[in-house]
Amino acid sequence: MADDAESGLIARAQAGEHRAFAVLVRQYQDRVFRFILRLVGARDEAMDLTQETFMKAHQALPGWRPEAQFRTWLFRIAHNTALDVLRRRQRIEFVSFSDLPAGEEDHALPDPARQPDERLADSQSIELLERTLQELPAEHREILLLREVEDMSYTEIAATLGIAEGTVKSRIARARSAALAGYQRHTGEHRDE
Amino acid sequence: MNEQPAAMHAPDLPELSAYLDGELDAGGRQRIATHLAGCATCAAHLAELQALSAGFRALPDEKLGFDLAGVIEGRLAHLPRPPAVRRRDWWSGLPVAIGAAASIAAGVFMGSTLVAGSAATAPRMAALRVFDTMPPGNLCIGLESCYVKGSVK
Ligand SMILES: [Zn+2]
């Protein structure tokens with residue numbers, strides 16, 4: 001649920017007050033940008049898509065109701081906008097788990113024994129983690145960003161992505177497992193160099 | 001309580017992951033906490049998840065680097081006046097409105113001169129150190145219930 005000040009701004013923006021909408025843009029522009037940037041990878045494209053997201057949001061504003069949290073509503077538009085582009089690029093590789101029998105998904109974590117046994121420079125760790133993130137399927141990358149960077153609850157993520165909370169829970173777990181495996185693969189490569 | 005069925009040692013990642021996120025109910029939380037207290041393997045897995053989470057939170061805080069609000073305001077000023085607000089269900093309106101907006105949004109985008117202003121922010125990197133200070137896996141913390149194959153030395 002949006003707070004009172006925010007609801008007031010939205011109501012004024014709905015009534016056609018561009019200045020009120022601009023305040024909302026200012027409040028959310030960096031959060032929307034960093035989400036889209038890590039989703040699509042390219043800075044220029046992320047800037048365009050951030051702008052497109054807010055223009056779409058303005059267009060959709062008459063349909064916004066106070067029952068909807070503005071942030072999740074906005075991020076849902078950002079999600080749709082970015083995914084359109086990723087699909088067009090055909091870079092998207094959604095992994096379908098629906099054909100796995102219930103309870104038989106591979107939830108195993110990577111072998112903890114493969115932890116890096118030497119200290120990596122911080123900047124290097126961040127670089128590896130960024131690379132790991134970019135290599136994940138968009139579906140995994142996106143849910144990790146919403147959870148870890150945007151700090152959304154499972155309920156908020158479910159609303160943003162339009163999926164059930166149970167799906168949020170299992171998808172986050174799979175995404176984390178994939179991210180750990182990817183990160184450890186990179187640190188292993190680093191060690192072998 | 002100390003007698004744990006062997007199957008429980010196969011880590012249920014979604015439970016562990018939801019535990020980390022504070023998304024379990026009181027019963028589930030208690031169950032996992034009890035298990036973690038006696039199982040070094042699951043505790044090590046949780047530590048990995050925590051380190052990953054800390055790593056993501058330490059990623060550089062990317063900023064757009066210019067006032068998009070001003071740009072948007074300028075664009076809105078040049079749009080034809082929108083029709084009066086219609087009362088309708090917000091989510092029935094959403095996909096339609098987004099589809100309709102796509103063509104509008106495909107218009108003028110910002111020039112590349114605007115790109116220059118983006119400032120790099122000093123990354124909050126301390127959290128990533130967790131990766132490097134974590135003990136090697138399967139380190140038994142010495143409780144009787146920790147009897148996973150290979151974990152007890
Ligand atoms: Zn265990």
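Chain A is the first sequence line, chain B the second, and so forth, proteins listed ahead of strands; every chain is numbered from 1. Here the structure is a predicted model, which is why all the values come from computation and not from measurement.
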With a 4.5 Å heavy-atom cut-off, do A:R34 and A:E150 have their side chains touching?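 Yes, their side chains come closer than 4.5 Å.
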For the residue pair A:K169 and B:E15, establish whether any side-chain heavy-atom pair is separated by less than 4.5 Å.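 Side chain of A:K169 against side chain of B:E15, heavy atoms only: contact under 4.5 Å found.
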Largest heavy-atom contact set with chain B, pairs under 4.5 Å, which of A:L144, A:V23, A:V149, A:L133: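 Counting heavy-atom pairs under 4.5 Å, the top option is A:L133.
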For chain B, which residues of residues 154-163 of chain A have at least one non-hydrogen atom nearer than 4.5 Å to it?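 So the qualifying residues are A:Y154.
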Any side-chain donor near an acceptor of the partner, A:K56 and A:T81, under 3.5 Å: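 A pair is found: one side chain offers a donor N or O, the other an acceptor, under 3.5 Å apart.
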Do A:Q51 and B:R75 have side-chain atoms, one donor and one acceptor, less than 3.5 Å apart?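 Indeed, the side chains of A:Q51 and B:R75 share at least one donor-acceptor pair under 3.5 Å.
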Chain B contact via A:T132 - side chain, backbone, both or neither, heavy atoms under 4.5 Å: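 When you check distances to chain B, no heavy atom of A:T132 falls under 4.5 Å.
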Proximity breakdown for A:R19 and chain B, heavy-atom pairs closer than 4.5 Å: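 Backbone plus side chain of A:R19, per the 4.5 Å heavy-atom cut-off to chain B.
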Please work out which of the three classes, parallel, tilted or perpendicular, describes the rings of A:F35 and A:F75, given edges at 30° and 60°.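 If you compare the ring of A:F75 with that of A:F35, the planes turn out tilted.
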For A:R176 and B:E48, run side chain to side chain contact (heavy atoms under 4.5 Å, CB included): C-alpha distance rounded to whole Å, both residues' side-chain angles, the deciding distance at 0.1 Å, then the answer. CA-CA 10 Å; A:R176 281 175 165 153; B:E48 281 188 308; over 6 Å; no
Assert yes or no for the condition that the ring centre distance of A:F70 to A:Y28 is strictly below 6.0 Å.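 When the ring centroids of A:F70 and A:Y28 are compared, they turn out to be within the sub-6.0 Å range.
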